[in-house]
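Note that this is a predicted model, so its numbers are computed, not measured. Throughout, a chain's letter reflects where its sequence line sits, starting with A, and its residues are numbered from 1.
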Number of protein chains: 2
Amino acid sequence: MSLDNNISKEIFNELSFSNEEIEIINAVFFRETFKKGTQLLKAGDNVDRQYYIIDGCLRSYHIDTQGREYTVQFGIKDWWMSDYTAFFSNSKAIMNIEVLQDATVYRILDEEKEYLYNQIPKIESFFRKKLERAFAAFQRRILSELSLTAKQRYLNFINSFPNIEKSVKNYHIASYLGITTESLSRIRKELSHK
Amino acid sequence: MSLDNNISKEIFNELSFSNEEIEIINAVFFRETFKKGTQLLKAGDNVDRQYYIIDGCLRSYHIDTQGREYTVQFGIKDWWMSDYTAFFSNSKAIMNIEVLQDATVYRILDEEKEYLYNQIPKIESFFRKKLERAFAAFQRRILSELSLTAKQRYLNFINSFPNIEKSVKNYHIASYLGITTESLSRIRKELSHK
DNA sequence: AAAATTTATTAACATACATCAATTTATTTA
DNA sequence: TAAATAAATTGATGTATGTTAATAAATTTT
């Protein structure tokens, strides 16, 4: 087969496609690489695309009126990244997305995603299931924000993202946990004593 | 037409179906009514069903090891209710679901939902879009837990659920906001002075 | 390698919210 | 309607985490 089916393999490893389907997939996904520090989305932008991460590390975060940052998500291999609050409602971004470690991603545009779902329904199923898992993860996160102390949330975090500490700064982690970098520092000190 | 298409109308109002499709829908959704106080799900149960709310009010909540309750979701008209953390992974419930106001729901079983999606792909699209909206709402909630004070979250809450205060107790709201009932009481007092 | 910059730590003090205990108000039951 | 129960409020005090400011450590740039 002469067609390039790398994309379909990288994103949909367990699914198999016809040549026509692979052509469609190749046409809607665009491979991009970004350097550490690149800003992929800024609050206020129109959100018309999503990124599927092949390699590297991204984060999405919100900046409040006082300039404080809140990390909503770290994006690593096989995760999707976008400002979902805006993406699903076609409004302006309230999130920022930045590259924490040099990244390779596949980008898909909003309008092409709906086209893709119509052309290849099993891809809609595939993403629906991914979304269900992400939804459940968010529900667990809400619960942990409601019920756990900062220390417990930090321990959960390093459990859930065992290798991420090399890619992200402590203040990124603090902003994900909803605490200050000083508080995280105290927690880390306390844990190192044990 | 002799077929009962109430269910399809109540749940999928904007979609239209063939007679065969309506038969399938009628076969997988089961209408139930529950009295206030009924426990629809207990932590530890197998989660094999979801509820679509036609009328009334439900809530899902988690109880931690110290017996404290955390409300993850209030369910009102046109919302789905389940323990999604368990539902999407076929594990035991960590949530409880209770009826706060006499409720009418449509129940669908896990296995029948996949069957339904296969038989009627546009229903999969329909639910996928609902899930996307719910996902975005959860993302906003995570953000508000990270960045807002209890008072601000309370104001957001009464804004988002303008009529819910009649259906739920203050301690339900407190457990949704992640604060104690005493703190909520103080916040309410402060707001009433203005 | 030195200098410059960014990130992490530490300390003193402030504050939002929790905890515990008592009391008042509202709702349900008899 | 009275009694019983559940829910909400209030006050005194405690604690986790925030704030501000200084310093130390790590990383990047020259």
Side-chain angles (χ1 to χ4, degrees), chain A residues 35-39 57 59 61 63-71 74 98-102 143-158 164-194, chain B residues 35-39 57 59 61 63-71 74 98-102 143-158 164-194:
Chain A
K35 283 279 165 203
K36 178 173 170 176
T38 310
Q39 201 76 20
C57 183
R59 81 165 176 135
Y61 61 100
I63 305 178
D64 74 9
T65 47
Q66 286 151 86
R68 279 184 287 235
E69 290 187 3
Y70 301 92
T71 296
F74 290 108
E98 69 172 352
V99 179
L100 298 181
Q101 290 295 318
D102 293 2
L143 205 49
S144 89
E145 279 166 7
L146 292 176
S147 63
L148 303 180
T149 63
K151 193 207 270 184
Q152 290 170 313
R153 278 178 280 141
Y154 176 63
L155 289 169
N156 278 179
F157 176 82
I158 44 184
I164 214 170
E165 292 208 284
K166 297 147 206 156
S167 306
V168 311
K169 304 290 179 194
N170 279 349
Y171 65 78
H172 293 143
I173 298 176
S175 80
Y176 178 94
L177 299 174
I179 58 177
T180 59
T181 173
E182 294 90 341
S183 290
L184 178 56
S185 186
R186 283 180 203 115
I187 289 167
R188 286 160 52 80
K189 188 184 183 186
E190 210 189 322
L191 290 170
S192 71
H193 289 334
K194 296 192 179 150
Chain B
K35 282 278 165 205
K36 179 174 169 175
T38 311
Q39 201 75 19
C57 182
R59 79 165 176 136
Y61 61 101
I63 306 178
D64 74 8
T65 46
Q66 287 151 86
R68 280 184 287 234
E69 289 187 4
Y70 302 92
T71 297
F74 291 107
E98 71 173 350
V99 179
L100 297 181
Q101 291 295 317
D102 294 0
L143 206 48
S144 89
E145 279 166 6
L146 292 176
S147 62
L148 303 180
T149 64
K151 193 206 271 185
Q152 290 171 313
R153 278 179 278 142
Y154 176 63
L155 290 170
N156 277 180
F157 176 81
I158 45 184
I164 214 171
E165 293 208 283
K166 298 145 205 154
S167 306
V168 312
K169 302 292 179 194
N170 280 348
Y171 64 81
H172 293 144
I173 298 176
S175 80
Y176 178 93
L177 299 175
I179 58 177
T180 59
T181 174
E182 293 92 336
S183 290
L184 178 56
S185 184
R186 286 182 194 110
I187 288 167
R188 286 160 51 81
K189 187 184 183 186
E190 211 190 321
L191 290 170
S192 71
H193 287 335
K194 298 190 177 150

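- Ring-plane geometry between A/Tyr176 and A/Phe157 is classed as tilted, the angle between the planes lying from 30 to 60 degrees on a 0 to 90 degree scale.
- Here OG1 of B/Thr38 is found 9.5 Å from CD of B/Glu98. Values are rounded to the nearest 0.5 Å.
- Nearest heavy atom pair, residue B/Gln101 against residue B/Lys166, reads NE2-O, 4.4 Å.
- Listed here is the closest heavy atom pair of B/Glu145 and B/Arg153: CA-CD, 4.0 Å.
- As a whole-Å value, the separation of B/Leu184 CG from C/dA16 P is 17 Å.
- If A/Arg68 and B/Ser185 are placed on DNA chain D by their nearest nucleotide, the residue sitting closer to the 5' end is B/Ser185.
- The CG atom of B/Leu177 sits 17 Å away from the P atom of C/dA16 (whole-angstrom rounding).
- Annotation for B/Arg59 and B/Ser175: closest pair NH1-OG, 3.6 Å, computed over non-hydrogen atoms.
- We find the OG1-CG distance between A/Thr71 and A/Leu177 to be 9.0 Å, quoted to the nearest 0.5 Å.
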Under 3.5 Å, which N/O atoms of the protein pair with N/O atoms of nucleotides 20-30 of chain C?
unit_1	atom_1	unit_2	atom_2	d
C/dC20	N4	B/Glu182	OE2	3.3

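- In this structure, B/Tyr70 atom OH and C/dA18 atom C1' are separated by 11 Å, rounded to whole Å.
- Straight-line distance from the OH atom of B/Tyr154 to the C1' atom of C/dC17: 17 Å, rounded to whole Å.
- Partners of A/Ser183 by side-chain contact (heavy atoms from CB on, under 4.5 Å), not counting sequence neighbours, listed by chain and number: A/Ile179, A/Thr180, A/Arg186.
- Of all nucleotides in DNA chain D having an atom under 4.0 Å from a heavy atom of chain B, the first and last in 5' to 3' order are D/dA7 to D/dA12.
- Of all non-hydrogen atoms in A/His172 and A/Phe74, the two that sit nearest each other are O-CZ, 3.7 Å.
- The overall bend of the helix from C/dA1-D/dT30 to C/dA30-D/dT1, read as the angle between its terminal helix axes built from five base pairs each, is 60° when rounded to 10 degrees.
- By the salt bridge (Lys or Arg N to Asp or Glu O under 4.0 Å) test, B/Lys35 pairs with B/Asp102, sequence neighbours left out.
- Here the shortest heavy-atom pairing between A/Gln152 and A/Ser147 reads OE1-O, 4.5 Å.
- Where B/Thr180 and A/His172 meet DNA chain C, the nucleotide closest to each residue was compared, and A/His172 sits on the side nearer the 5' end.
- For A/Glu182, the salt bridge (Lys or Arg N to Asp or Glu O under 4.0 Å) test picks out no residue, with sequence neighbours left out.
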